[in-house]
Undergrad: 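Structure in C-alpha cells, see below.
Just the heavy atoms: all of them, side chains too, but no hydrogens, waters or symmetry mates, feed the values below.
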Amino acid sequence: NAARMSYTLRLSPGAPRYFKHASFAGLCESAFETQSVTLVEAAGDGCVVVSCRVDGGPSFAFARLRRGACEHVAHVHRFEGQDVRFSVRGGEVELRGVVEHLFHEDASEDDDESDGESDSEGLKGYGSDSSWGSDVEESREVTTTATAGRSNADEKSEEEARRNAVATSTWRGVDDIRATMNWWDADGARDDLAYHIQNPGARRSSRSEKVPQFAWTGSLRPSKTTPKRSYPSGLMPPDYAVSGWPDEEFASRYQSTVEVKPHSARDAMRAACSLARHVMDCVAWAIEPGVTTEYLDRICHAVTVGNGAYPSPLNYMGFPKSCCTSVNEVVCHGVPDGRPLKKGDIVNLDITVRLNGYHGDLNETYLVGTYTDASRDAKRLMESAERALKKSIDFCRPGRRFRDIGEIIATEADKAGFASVKDFCGHGIGTLFHCAPNIPHYARNKAVGVMKEGMTFTIEPMFNASKSHKVLHWPDGWTAVTTDGALSAQYEHTLLITSDGVEVLTARTPKSRPFIM
C-alpha cells in the first residue's frame, strides 16, 4: 500500500509549483522530499533565489544559486502532511526529489475518481488552482549568511584563489577563507536546526524536530544540526554529491581487484593527502571547550572548498556533513552537531577531501582542554590506538599480507586490555572513496592479497575502553557507539606502498596539533 516515485520540477519566475497534501482527501499519508536544486538559467549575474511556503505561511528562501559560483545545492528537506508551494526569482531551476504515498487500508479504486482535482500536468497534487497570496519573500536570512556582502568581484577573486591553491599546492588556511565561511551555509541555517534521521545504509534520510528515541549507552546525546552546506562549481564532485549514492564506487571492478596506481595517480594522491592533512590541522587547532562540532565541520567545509576540493563525506550515502566528529563513546562516523565540547572530552576528527578526482583520508583523536589526572584513562586509550597504527604502518612493504595487519592491531589491544572494533575496517582509496583491499583490525581475519608497489589504502584501528568490540548505531544511521558507554579512540592514515617500504601520505607535520595539550 505504499508508492514512491522520483520527480523533477522546473521552476520559472512567476510560475510557482505546488504539492497539495490535502488533495488526496485522506486516502493516504503523503511525504514530499526535496533532494537537490540545480541552476538551469540565470536572468543575469545576480542571485537566483528558490523559495518555499508551507501551509500558506510566510515565504522563505531555502536555496540561492549563482552562475559560475554555486550552480547546484544538495538540499534535503522533508514535508509530511503539509501543503507546499515553491517559487523562484532571477532565473530557472530544477528541483529534484521523491514523493511517497502510504495508502490507507480501506482506500479503494473508486476513491481515486473523487480525489482532489489538479489543473497541473504531471503528478496529481501539483498545481496552481488557488492563490496563496503574494510571492514577496519574507526571508529567514540574517545579514551574516549566504550572499550578504558578496559581490561578483568577491566571487571571481575567490575562484582565482582556489585555482591557485590547486595549481601550487600552497594551501589556504582559516584566516584566508574566513570571509567566505558564510557563503556555503544553507539559507536560514541558524534557524533551521533539526535532528538527522536515517537507517544505517538506507538511501533515504530526513530531518526531525523531535528528539529521537533510543536506549542511549552513555552520557552523550545528539543535538540539532544545520542543513547540508553548498559548494562552488568546478570542484569535480563525485556522483553521490548530487544523488546521495556512490553508484560509481559500488559498481567498480576495484571493489574486488586492488588497483596498482601509475606514478601520475600516486602524485595526485600525494596532493589530495597533503590537503587532507592541512584541513585536519586547521580543524584540530580549533578544538577547545565550548566549541561545537558543528563549528568544526564548518571550518572543515570552508577550508576544503576554499582550496578547490570537495569534502568527501558530504552526501556520501546521505551523510549530512563534511567530516565526522566522534566524541567520547562514539566509535566513528559521528554527525557534527550543536553540542559544545567539554573539558576532558575526547573527539575524533575523520577528514577526507577529493582533490582533482582523488581522495585523501585520515582521522585523529584529540583531548579537549589541557591534560589533568582525570584524563589518565583517556590518554592511555589514545596512546594505545595510535601505537597500534604506528606498528601496523612499520609492517607495511611489498610482499606483506594484508591480513597480518589485524594480528598486529589485536595484539596491541589485548596487551592494553582494550577491544579492537570489528565492524569497520581500513580500505583502498583513490578515485574511489572506498574500494579493495579491506584491512580488518582483528586477528584471524580472512583478508586476501599482498601489498605491491603503487597500492594505496588506509589503516584505521578503533579501540574501545572495554572488553566489548561491538557497536550500536544511533537513529541518525551513522553514529556508532560502544554498547556499554565506554570511551573509544581511533587513528588513521592513507598509505602508499613504495618499492622498498611505505609512504605515509597523510603524515603529521610540525604544524600539527598535539593530541594531548
Undergrad: Name the one of L505, T494, L495 that satisfies side-chain contact (heavy atoms from CB on, under 4.5 Å) with T458?
TA: T494
Undergrad: Under a 3.5 Å distance rule, please check whether E259 uses its side chain to pair with a backbone N or O of G430 as donor and acceptor.
TA: no
Undergrad: How far apart are the C-alpha atoms of E249 and T431, what are their side-chain angles, what is the distance that settles it, and do they pass the side-chain contact (heavy atoms from CB on, under 4.5 Å) test?
TA: CA-CA 9 Å; E249 176 179 306; T431 56; over 6 Å; no
Undergrad: To the nearest 0.5 angstrom, please state how far the CD1 atom of I299 sits from the SG atom of C323.
TA: 9.5 Å
Undergrad: Please determine, by modelled atom types, if K343 and T370 share a side-chain donor-acceptor pair under 3.5 angstrom.
TA: yes
Undergrad: Show, in sequence, the C-alpha distance, side-chain angles and deciding distance for H359 and L432, and conclude whether the side-chain contact (heavy atoms from CB on, under 4.5 Å) test is met.
TA: CA-CA 7 Å; H359 299 271; L432 304 177; 5.6 Å; no
Undergrad: Once you round to the nearest 0.5 Å, how far does CH2 of W171 lie from CD1 of I177?
TA: 14.5 Å
Undergrad: Mind telling me whether F463 and F418 have parallel, tilted or perpendicular rings, with 30° and 60° as the class edges?
TA: tilted
Undergrad: Any side-chain heavy atom of V305 sitting closer than 4.5 Å to one from L235?
TA: yes
Undergrad: Any side-chain donor paired with an acceptor under 3.5 Å for R298 and N182?
TA: yes
Undergrad: Determine, stepwise, if the pair R266 / E453 fulfils salt bridge (Lys or Arg N to Asp or Glu O under 4.0 Å).
TA: CA-CA 10 Å; R266 299 176 204 181; E453 180 183 357; 3.3 Å; yes
Undergrad: Strictly by modelled atom types, are D476 and T479 linked by a side-chain donor-acceptor pair under 3.5 Å?
TA: yes
Undergrad: Using salt bridge (Lys or Arg N to Asp or Glu O under 4.0 Å), reason through R277 and E364 one step at a time and then give a plain yes or no.
TA: CA-CA 10 Å; R277 162 50 62 190; E364 294 175 340; 2.6 Å; yes
Undergrad: Would you name the heavy atoms of S205 and G318 that are closest together and state the gap between them?
TA: OG-O, 4.4 Å
Undergrad: So do the side chains of I439 and H427 get within less than 4.5 Å of each other, counting heavy atoms only?
TA: no
Undergrad: In Å and rounded to the nearest 0.5 Å, what is the CG to CD distance from D350 to E492?
TA: 5.5 Å
Undergrad: Regarding R203 and the six-membered ring of W245, is the cationic atom NZ or CZ under 6.0 Å from the ring centre and inside 45° of its axis?
TA: yes
Undergrad: List the steps and the verdict of side-chain contact (heavy atoms from CB on, under 4.5 Å) for L220 and V481.
TA: CA-CA 10 Å; L220 198 69; V481 296; 6.0 Å; no
Undergrad: Are the side chains of V471 and V421 in touch, meaning some heavy atoms are under 4.5 Å apart?
TA: yes
Undergrad: Just do the side-chain contact (heavy atoms from CB on, under 4.5 Å) check on C332 and Q490 with the steps written out, would you?
TA: CA-CA 8 Å; C332 62; Q490 180 189 14; 3.9 Å; yes
Undergrad: With a 4.0 Å cut-off on N to O distance, would you call D377 and R380 a salt bridge?
TA: no
Undergrad: So is R508 actually on top of F515's ring, under 6.0 Å and inside 45° of the axis?
TA: yes
Undergrad: Between D361, L362, L275, which is the residue that forms a side-chain contact (heavy atoms from CB on, under 4.5 Å) with V353?
TA: L275
Undergrad: Could you grab the distance from atom SG of C425 to atom CG of N438, nearest 0.5 Å is fine?
TA: 4.0 Å
Undergrad: Whether R207 engages the ring of Y195 as a cation-pi pair (distance to the six-membered ring centre under 6.0 angstrom, angle to the ring normal within 45°) should be assessed.
TA: no
Undergrad: Any side-chain heavy atom of F457 sitting closer than 4.5 Å to one from V258?
TA: no
Undergrad: Just say parallel, tilted or perpendicular for the rings of Y316 and H434, cut-offs at 30° and 60°.
TA: tilted
Undergrad: Would you call I351 and V283 a side-chain contact if the rule is heavy atoms closer than 4.5 Å?
TA: yes
Undergrad: With a 4.0 Å cut-off, would you call D281 and R513 a salt bridge?
TA: no
Undergrad: Nearest 0.5 angstrom please: L381 CG to S488 OG, how far?
TA: 6.5 Å
Undergrad: Does P336 offer a backbone N or O that forms a donor-acceptor pair with the side chain of T225 under 3.5 Å?
TA: yes
Undergrad: When you measure from the side chain of N445 to the backbone of Y442, do you find a donor-acceptor pair of N or O atoms at a distance under 3.5 Å?
TA: yes
Undergrad: With a sphere of 6.0 Å drawn around NZ of K452, does it hold more than 12 non-hydrogen atoms of other residues, nucleotides or ligands?
TA: no
Undergrad: For E294, is there an ion pair with R339 - N to carboxylate O distance below 4.0 angstrom?
TA: no
Undergrad: Can you find a side-chain donor-acceptor pair between S223 and D337 that sits under 3.5 Å?
TA: no
Undergrad: How many angstroms lie between CG in D484 and OG in S466, if you round to the nearest 0.5 Å?
TA: 4.0 Å
Undergrad: Is there a donor-acceptor contact under 3.5 Å from the side chain of K511 to the main chain of C282?
TA: no
Undergrad: Identify the two heavy atoms, one from Y240 and one from L314, that lie closest to each other, and give their separation to 0.1 Å.
TA: CE1-O, 3.6 Å
Undergrad: What about the rings of F319 and H333, do their centers lie closer together than 6.0 Å?
TA: no
Undergrad: For H493 and T506, which I'm curious about, is there any donor-acceptor pair between the side chains at under 3.5 Å?
TA: yes
Undergrad: Between Y310 and P238, is any pair of side-chain heavy atoms under 4.5 Å apart?
TA: yes
Undergrad: Do the side chains of E503 and R270 get close enough for a salt bridge, i.e. N-O under 4.0 angstrom?
TA: yes
Undergrad: How about R387 and K391: do any of their side-chain heavy atoms sit closer than 4.5 Å?
TA: yes
Undergrad: For K224, I'd like to know if atom NZ has over 12 heavy atoms of other residues, nucleotides or ligands within 6.0 Å.
TA: yes
Undergrad: Between the main-chain N or O of E407 and the side-chain N or O of T411, is there a donor-acceptor pair closer than 3.5 Å?
TA: yes
Undergrad: For E288, is there an ion pair with K342 - N to carboxylate O distance below 4.0 angstrom?
TA: no
Undergrad: Are any side-chain N or O atoms of N464 and backbone N or O atoms of A419, one a donor and one an acceptor, separated by less than 3.5 Å?
TA: no
Undergrad: Hey, can you tell me if H301 and W184 have their rings parallel, tilted or perpendicular (30° and 60° cut-offs)?
TA: tilted
Undergrad: Between I346 and M382, is there a side-chain heavy-atom distance shorter than 4.5 Å?
TA: yes
